[in-house]
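In what follows, a single structure is set out as structure tokens and then discussed.
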Protein chains: 2
Amino acid sequence: MCANAQTLSSGLEDYIEAIYIAHINNIPLKGADLARKLNISRASVSEALSKLVAKELIKYNSYETISLTKTGIEEAKKVYAKHHILKDFFETVLDINSDEAGENACKIEHIISQNILDKMSNFTEFYKKHKKRIETFKKEI
Amino acid sequence: MCANAQTLSSGLEDYIEAIYIAHINNIPLKGADLARKLNISRASVSEALSKLVAKELIKYNSYETISLTKTGIEEAKKVYAKHHILKDFFETVLDINSDEAGENACKIEHIISQNILDKMSNFTEFYKKHKKRIETFKKEI
DNA sequence: AAATATTGTAAGGCATGCCTAACACTTTGT
DNA sequence: ACAAAGTGTTAGGCATGCCTTACAATATTT
């Protein structure tokens, strides 16, 4: 078996997602920052970063800022999109607050099927479009 | 730390759910049956059953049929209800086929918050009630 | 009742993913 | 430039949850 991943473990997905969020916000990120952000020891982060380097998803040298490779960005976008679809659905359709929606999205994003996500995304868009009308139905007795 | 659980690991929830399904269908279930059903070795099932016995969720003696305690039934019902809410939502609202809905429910049921499940359940009921009308919106351009 | 099949368990392993402690290296502040 | 603070790595551990192999105990078949 080669070291390059076809699939990322749920843990590694969390790492790459956090790296991506820093990336799109132009926030320089080191291992120790990641450890603080994810509430994980520096040692564990160090291991995880080595794996991501081995999979060629990030570039990283000790004491420098972590950066994503092209593949890394693609992978991260996928993970982030999943997160967003779930969070948006929870907030928009189920009226869940932002924190709870985010926490649940974080966990579910790693295991839900792409097909369901696609349908969920469509449904949220549909719901937004017709929200007013649909919600009048809720007031009926 | 005492051996009795406040929370069940996702694995143990799967075991107890399978045991519950046999229970409500009056199907006698032994460890080896469970192993076949869950595609897990007899050795691993044996370990898991010991844990469930320790937590007083099942009664079990070698070579006999597994049965649930009162607490076990309560726990199982909770897990099973979660499963059902998710599956029903996927099928009814997102129009996912039974297999895919079930597989995803199996994984998500262990991690989603009760609050979201409650809202999801309400939403599914609401959707069923107004399905016809809501779906006419989908045909609009 | 004996042979065969099934079931259960124990021992030892493996992978994942986290931890702490200790140490090494780098950066920063004075 | 040097001390202090911050960062990274290694080693050794632990827990979970699965595996295979080998054996023990029970059930079933003939």
Side-chain angles (χ1 to χ4, degrees), chain A residues 1-19 22 27-55 57-68 75 79 103 106-111, chain B residues 1-19 22 27-55 57-68 75 79 103 106-111:
Chain A
M1 257 313 232
C2 82
N4 276 22
Q6 36 298 54
T7 16
L8 239 39
S9 74
S10 120
L12 291 188
E13 284 189 356
D14 286 336
Y15 287 108
I16 209 162
E17 190 175 2
I19 294 167
I27 296 168
L29 192 73
K30 294 198 231 180
D33 301 320
L34 209 41
R36 278 184 288 268
K37 191 161 299 194
L38 300 177
N39 252 303
I40 282 171
S41 72
R42 292 201 312 279
S44 299
V45 168
S46 178
E47 278 176 47
L49 292 181
S50 304
K51 289 184 194 164
L52 291 174
V53 168
K55 289 171 195 295
L57 297 171
I58 64 169
K59 270 178 260 174
Y60 174 60
N61 295 299
S62 298
Y63 307 99
E64 287 175 15
T65 290
I66 302 162
S67 68
L68 290 159
E75 278 308 307
V79 177
E103 281 162 26
C106 258
K107 294 183 267 172
I108 298 172
E109 69 194 30
H110 306 300
I111 55 178
Chain B
M1 256 315 233
C2 82
N4 276 22
Q6 32 305 47
T7 17
L8 240 38
S9 75
S10 124
L12 292 189
E13 284 190 356
D14 286 337
Y15 288 107
I16 209 162
E17 190 175 1
I19 294 166
I27 295 167
L29 191 74
K30 295 197 227 179
D33 301 318
L34 209 39
R36 279 185 287 268
K37 191 160 297 194
L38 300 177
N39 252 303
I40 282 171
S41 71
R42 290 200 315 276
S44 300
V45 168
S46 177
E47 278 177 48
L49 292 181
S50 304
K51 288 183 195 167
L52 290 174
V53 168
K55 290 172 194 298
L57 297 171
I58 63 169
K59 269 177 262 173
Y60 175 59
N61 295 299
S62 297
Y63 308 100
E64 288 176 12
T65 290
I66 303 162
S67 68
L68 290 159
E75 278 308 307
V79 177
E103 282 162 25
C106 259
K107 293 183 265 171
I108 297 173
E109 68 193 30
H110 305 300
I111 56 179

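Letters A, B, ... mirror the listed sequences (proteins, then strands); counts begin at 1.
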**OP:** May I ask you to evaluate whether S44(B) reaches the phosphate of dG17(D), defined as a side-chain N or O under 4.0 Å from OP1 or OP2?
**Re:** no
Subject >> Touch class at under 4.0 angstrom, heavy-atom based, for S50(B) against every strand present >> reply: nothing
Subject >> Closest to the S9(B) side chain, choosing from dT7(D), dG17(D), dG8(D) >> reply: dG17(D)
Subject >> Phosphate OP1/OP2 of dT9(C) contacted by S62(B) side-chain N/O (<4.0 Å) >> reply: yes
Original post:
Hey, is the side chain of Y63(B) poking within less than 4.0 Å of OP1 or OP2 on dA5(C), counting only N and O atoms?
Top reply: no
**OP:** Compare side-chain N and O positions of K30(B) against OP1 and OP2 of dA27(D) and report whether any pair is under 4.0 Å apart.
**Re:** no
Original post:
Do the side-chain N or O atoms of S41(A) get closer than 4.0 angstrom to the phosphate oxygens (OP1, OP2) of dC19(C)?
Top reply: yes
**OP:** Please tell me which of the listed nucleotides, dT9(C), dT26(D), dT26(C), lies nearest to the side chain of R42(B)?
**Re:** dT9(C)
Original post:
Quick one: is dT16(C) close enough that its OP1 or OP2 comes under 4.0 Å of any side-chain N or O from K51(A)?
Top reply: no
**OP:** Among the candidates dC19(C), dT7(C), dA10(C), find the nucleotide nearest to the side-chain atoms of I40(A).
**Re:** dC19(C)
**OP:** Select base, sugar-phosphate, or nothing to describe what L49(A) touches, counting heavy atoms under 4.0 Å on all strands.
**Re:** nothing
Subject >> N39(A) vs Y60(B), nearer the 5' end of DNA chain C by closest nucleotide >> reply: Y60(B)
